[in-house]
Amino acid sequence: MEYNFIEIEKKWQKYWSDNKTFKAENLSEKPKYFVLDMFPYPSGAGLHVGHPLGYIASDIYSRYKRLKGFNVLHPMGYDAYGLPAEQYAIQTGQHPAITTEKNIARYREQLDKIGFSFDWDREVRTSDPNYYKWTQWVFIQLFNSWYDKKSDKAAPISQLIETFKSEGNSNIEAATSQIDIFSANDWNSFSEKEQQMILMNYRLTYLADSMVNWCPELGTVLANDEVTDGVSVRGGFPVERKSMKQWSLRITAYAERLFAGLDGLDWTDSIKEIQRNWIGKSEGALVSFKIKGNENPLDVFTTRPDTIFGVSYMAMAPEHELVSQITSSEKKTAVEKYIIESKNRSDRERMADVKRISGEFTGAYAIHPFTGKEIEIWIADYVLAGYGTGAVMAVPAHDSRDYAFANHFKIPFVEVISGGDISVEAYEAKDGIVINSDFINGMKVKDAMKTIINKFVESGIGERRINYRLRDAIFSRQRYWGEPFPIYYKDGIPYPLPESELPLELPEVDKYLPTESGEPPLARAKNWETKEGYPLECNTMPGFAGSSAYYYRYMDSKNPNELVSKEANQYWENVDLYIGGAEHATGHLIYSRFWNKFLFDLGLVCKEEPYKKLINQGMIQGRSNFVYRVKDSNKFVSFNLKKDFETTSMHVDVNIVDNDELNIEEFKKWRPDLADAEFILEDGKYICGVEVEKMSKSLHNVVNPDILVERYGADTLRLYEMFLGPLEQAKPWDTNGIEGVFRFIKKLWRLYHDKENNFLISDEEPNRKELKALHKTIKKIQEDIDRFSFNTSVSTFMICVNELTDLKCNKRSILQDLAIIISPYAPHISEELWSLLGNKGSVGFAKFPEFIPSYLEEENISYPVSFNGKMRFKLELPAEMQVPQIEKAVMEFEDIDKWLEGKQPKKIIVVHKKIINIVL
RNA sequence: GCGGAUGUGGCGUAAUUGGUAGCCGCGCUAGACUUAGGAUCUAGUGUCGAGAGACGUGGGGGUUCGAGUCCCUUCAUCCGUACCA
């Protein structure tokens, strides 16, 4: 064997681990760089080739940054709490901690084989008490804080209490669900319980009855980002709306800062756009309509105050609290029936037929604030209780939903913005002239909005308002395998544990199921109470709790006294480069931005945003292979012959297919029923069909990195993962191509060795060609890494090695630099070559060679000569020849007559050192 | 519906600022060495055409001396989102 990757890779992995080569120091003269991967949930299935893609990219970047003189923090850990381990525990009784431990061990083994330069001394696990102590600690800080809109930041709740004592709440501007105003006297006369209930409306994490996504199958509530299309993201179980008392995070307090902060981030536009949509900022006005014969006003939020004269009816959500008050007696039965109906329609059904229009007239009327006209008030389930005020002023002429509703129920309406044809559809554009609208007639939409809002304010019926779609995040889960809340109850009022009692460790339970009375699993724990005997909270925290500030723990992972020390945080600041999947766009990436801003407000960390630059690696798709069974037989027909038969296709394990040719012997062994299968072959082969699908066990297209490492080595796997295509693009995995990269690695090795595989290097001075090959590579690799284009660097290395092989170059001064620049990509072989070259220590801390432009300069330029833009021939001319001489030279060129076709050129365009174009 | 992304050989892709379209691989074809090859090496490989050459970056149009790249328009695929007033 010429290049023994098995031995060499093992050797260097051991060296790195024994010497703690990649241990990062918190204090260093070097500039810092923090490269973070989204830490994995260690699932039982282990890693497939898609998982390490991002880790390889971040590892290349980390190693490159070290070569460039940076002190690099590149840690790894585990998002160890999660549903699969708990579901497994429910089925088997095995403690989720054991399952998790086992899965982590397997992940670690797989990761180690790929040769990552992680600083494992800083490993974190979210389920480790030393870690979740700080998750609980942050929760307590949230509990003890409120959001002061005047200073636009979080502030201690103790300070709020002082204000209440001295002046009540009338001067407080907070992000709050508190509506009632009270004086200092009121406050001081309230009971402890009353005071605590009021404070709950201010705390940044609060316990409240809210409409939640309840998933009966999982026995828990889920956050909005954990639900898609009415089913749970994990498991795909149905989810229903239900009102429950739950902990929530008042993330809405930060809506504007989360929105505005996106502008300064070096993230892709697409992910910023997803976050903007999720936050859903819309500007408009809050308008108060009087209700005929009722004291309470009907408040609506609208983004189109300019269309106020086009209001033809009002619509409220069926859940709106005023519905029962205003419904007339003769409409009562119908309205109640409608409310029950819409309640029973699950979210899923509602989504399935959006087109179904339904509603009911309440018999009540609102009064138009300007015209005084009476307007029918309807209830309709197209109005969402959770958005705005849960009621809308309907302007059918200029809103398509109102338009559909009005037409369905034959409610008349008027056009108030010109420019559309409202006999056909609603005209929604904010473009046109206002008509039929009294004092704003003739105005442009924009001006009309301003005028109307000013009028609202003047007459006290409305105000400017910015509304957000973002909801507070439900933070309770009725599950076992998660962080316990550091909360106990006294007289039914929640209080935080003293910080000295953290961590509050997850207790043992006899079963991982809810109690008979429907309480969460922690209610099964013995003595689940404080030492004073107060009961502890039985819910646990959700998956995103432990991942919201984990990057700070990496900075100072062993610190028992602080989340992160001031010094460590001052040095590492925040994450310079974050690589992970785009599926976290609305979950983790928003929550951790929120936690970070909160910690920043408290002065605990020095940066307001956690992740400066974010890259989303594309999904690696599976490449499925198919065999075709002839109907009613155990005969399989090869792909190109199947058209002559009636067949059914069947997924076949891609690991027994090579280059789409089925390994028939392996296939027969694959499943017992296939042992006596027969085959109809083409050219003596069975050719399989191919399709690109998701990589999944059930589709038999999962490729395991371990097998590839065994067969080709980690360096080959790393290079091939990068070679597949641009990091951010989704692309199918096709093991076939890996051979090419494997050949390249062997070819690289041979540059440094003679035919008998003896290390052989010459100390001769390199020639121009060799220097050019090297320096053009140095230049390209730097540029590629700077723009995260790792696939193109791999081809660049191939070109370089091909050229040096052709030049028969074995000169130290070339090959030593080559070993350095390739080391981020293929670290094992580089270490070996580096040490064979006689260097001490790891190549990981060598100096990246400097690019010298003069080596790329040429005496002659080979100009492509085009006629009307079509390249016809090449002309070699001295590089310093100036444009007029070039024009002359090209016209004197012997072959030119053939292309001129006897014409005189209209124009000759010369781009110096680039191209010549002759216009005929 | 809305938002985002992507369309280039048989396949994965390259062309960073408008300047030789198809780099680097896979696969395929032929050959060398070999008992053998899933080893190694050499040559070829966008399409049509015997050739000269013509045509070619999803389709149509435009700007330009010159367009894969810029503009308009249209189609297809994938992802996200869902009555957000």
Sugar-phosphate, base or nothing in reach of A:Arg750, heavy atoms under 4.0 Å: sugar-phosphate
Pairwise P distance, B:U47 and B:A52 [rounded to whole Å]: 16 Å
Syn/anti label of B:G9 as read from its glycosidic torsion, with the cut at 90° from 0: syn
Mutual orientation of the aromatic rings belonging to A:Phe873 and A:Phe867 [parallel < 30°, tilted 30-60°, perpendicular > 60°]: tilted
Strand contacts (RNA chain B) in residues 795-805 of chain A, 4.0 angstrom heavy-atom criterion: A:Ser795, A:Met798, A:Ile799, A:Asn802
N/O to N/O distances under 3.5 Å, protein versus nucleotides 4-6 of chain B:
none

Touch class at under 4.0 angstrom, heavy-atom based, for A:Asn791 against every strand present: sugar-phosphate
A:His398 ring center near A:Tyr403 ring center (under 6.0 Å): no
Earlier contact from the 5' end, RNA chain B, for A:Asn277 and A:Leu724: A:Asn277
Partners passing ring pair (Phe, Tyr, Trp, His ring centres under 6.0 Å) against A:Tyr64 (at least two apart in sequence or in another chain): A:Phe848
Between A:Glu691 and A:Ser624, a side-chain donor and acceptor under 3.5 Å: no
Each nucleotide N or O in nucleotides 52-56 of chain B that has a protein N or O under 3.5 Å away: list the pair and distance.
from, atom 1, to, atom 2, distance (Å)
B:G53, OP1, A:Lys898, NZ, 3.4
B:A54, OP2, A:Arg872, NH1, 3.3

Sugar-phosphate, base or nothing in reach of A:Ser282, heavy atoms under 4.0 Å: sugar-phosphate
Sugar-phosphate, base or nothing in reach of A:Lys780, heavy atoms under 4.0 Å: base
Any strand: nucleotide that pairs with B:U16 via Watson-Crick or wobble, under 3.5 Å: none
Quick one: side chains of residues 582-591 of chain A, donor-acceptor pairs under 3.5 Å with protein atoms, not counting sequence neighbours, listed by atom name and distance.
from, atom 1, to, atom 2, distance (Å)
A:His588, NE2, A:Tyr578, OH, 2.7
A:Tyr591, OH, A:Asp225, OD1, 2.6

Donor-acceptor pair between A:Asp299 and A:Thr389 side chains, under 3.5 angstrom: no
So which protein N/O to nucleotides 61-67 of chain B N/O distances come out below 3.5 Å?
from, atom 1, to, atom 2, distance (Å)
B:C65, O2', A:Asn917, ND2, 3.3
B:C65, O2, A:Asn917, ND2, 2.7

Test of ring centre spacing under 6.0 Å for A:Phe405 and A:Tyr313: yes
Set of ring pair (Phe, Tyr, Trp, His ring centres under 6.0 Å) partners for A:His753, sequence neighbours left out: A:Trp749, A:Phe759
Taking only nitrogen or oxygen atoms into account, show me every contact under 3.5 Å that the protein makes with nucleotides 26-32 of chain B, one pair per line with its distance.
from, atom 1, to, atom 2, distance (Å)
B:C26, OP1, A:Arg743, NH1, 2.2

First of A:Val911 and A:Thr792 reached from the 5' end of RNA chain B, by closest nucleotide: A:Thr792
Ring centers of A:Phe5, A:Tyr712 separated by less than 6.0 Å: no
side-chain contact (heavy atoms from CB on, under 4.5 Å) partner of A:His320, chosen from A:Ile377, A:Val383, A:Ile339, A:Leu298: A:Leu298
Residues that A:Arg469 engages under side-chain hydrogen bond (donor to acceptor under 3.5 Å, both in side chains), provided they are two or more places apart: none
Aromatic ring proximity A:Tyr61/A:Phe788, centre distance under 6.0 Å: yes
Ring pair (Phe, Tyr, Trp, His ring centres under 6.0 Å) involving A:Tyr427 - partner list, sequence neighbours excluded: none
Options B:U17, B:U20, B:U16, nucleotide nearest the side-chain atoms of A:Lys914: B:U17
Residues forming a ring pair (Phe, Tyr, Trp, His ring centres under 6.0 Å) with A:Phe626, sequence neighbours excluded: A:His651
Sugar-phosphate only, base, or nothing, as touched by A:Lys746 at under 4.0 Å among non-hydrogen atoms: sugar-phosphate
Distance-only donor-acceptor check, side chains A:Ser795 and A:Thr792, under 3.5 Å: no
List the atom pairs, with distances to 0.1 Å, where a side-chain N or O of residues 280-287 of chain A and a protein N or O form a donor-acceptor pair under 3.5 Å, not counting sequence neighbours.
from, atom 1, to, atom 2, distance (Å)
A:Lys281, NZ, A:Glu256, OE1, 2.9
A:Lys281, NZ, A:Glu256, OE2, 3.1
A:Ser282, OG, A:Tyr387, OH, 2.9

